[in-house]
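Since the structure is predicted, the reported quantities are computational estimates derived from the model, not experimental observations.
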Amino acid sequence: TTLRVSTSTGNCHPSYFMLVPAAGINVSATRSGADVIVSFPTQVGWLYRVFYRDELGSGYWMPLATVVGDGATGVVTDPAIGTRFYRVVAP
């Protein structure tokens with residue numbers, strides 16, 4: 001990975017850069033009767049968007065739900081229709 005900072009326009013005098021590892025979201029999906037329960041940890045004040053698609057390698061990610069983080073586990077229910085793949089996006 002490369003970090004490039006352009007200073008050719010002037011007005012850029014950084015005194016330091018802090019690089020920190022990006023933390024992923026641990027998502028679990030379990031079946032409960034006729035539904036799939038998607039759960040993930042949340043942080044207070046963060047907005048989590050849950051998406052799905054029917055094929056992993058192609059197609060658009062379709063919005064499923066939005067969850068406002070409260071520090072508890074976020075839970076989204078989806079009807080168990082065929083095979084679906086889920087992803088959770090946060091800032």
- Locate the shortest heavy-atom distance separating Tyr52 from Pro63; write the atom from each residue and the value.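 Closest pair (atom of Tyr52, atom of Pro63, distance): CE2-O, 4.0 Å.
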- Query: Of the non-hydrogen atoms in Asp35 and Pro79, which two are nearest, and what is the gap between them?
  - Reply: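 Taking every non-hydrogen atom into account, OD1-CA, 3.6 Å.
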- Item | Linked, directly or transitively: Val50 and Trp46 (ILVMFWY side chains, under 4.5 Å) |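 They do share one cluster, since a chain of ILVMFWY contacts under 4.5 Å joins Val50 to Trp46.
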- Item | Common cluster, Val38/Met62, ILVMFWY with side-chain heavy-atom separation under 4.5 Å |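 Val38 clusters together with Met62.
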- Report yes or no: does Thr42 contribute a side-chain atom to a donor-acceptor pair with the main-chain N or O of Gly71 at less than 3.5 Å?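 Side chain of Thr42 to backbone of Gly71, a donor-acceptor pair under 3.5 Å: yes, one is there.
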- Query: Backbone N or O of Leu56 within a donor-acceptor pair of the Arg53 side chain at under 3.5 Å?
  - Reply: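 Side chain of Arg53 to backbone of Leu56, a donor-acceptor pair under 3.5 Å: yes, one is there.
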- Does the side chain of Thr73 pick up a donor-acceptor pair with the side chain of Ser39 at under 3.5 Å?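 There is no such pair between these side chains.
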- Query: Does Arg87 make a cation-pi contact with Phe51, if we ask for NZ or CZ under 6.0 Å from the ring centre and within 45° of the axis?
  - Reply: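 The answer is yes, since Arg87 meets both limits relative to Phe51.
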- Arg84: what forms a salt bridge (charged side-chain N to carboxylate O under 4.0 Å, His left out) with it, not counting sequence neighbours?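 Testing Arg84 for salt bridge (charged side-chain N to carboxylate O under 4.0 Å, His left out), a comparison that skips the adjacent residues, returns Asp54, Asp78.
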Would you check if [X] and [Y] make a side-chain contact, meaning some heavy-atom pair closer than 4.5 Å?
X	Y	value
Val36	Thr77	no
Val76	Val67	yes
Val68	Leu47	yes

- Quick one: are the ring centres of Tyr48 and Phe40 less than 6.0 Å apart?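 Yes, the ring centres sit under 6.0 Å apart.
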- Task: Calculate, to the nearest 0.5 Å, the distance between atoms CZ and CG belonging to Arg49 and Leu64 respectively.
- Result: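 One finds 13.0 Å between CZ of Arg49 and CG of Leu64.
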- Can you measure from CG (Asp70) to CD (Gln43) and round to the nearest 0.5 angstrom?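 Result: 11.5 Å between the selected atoms.
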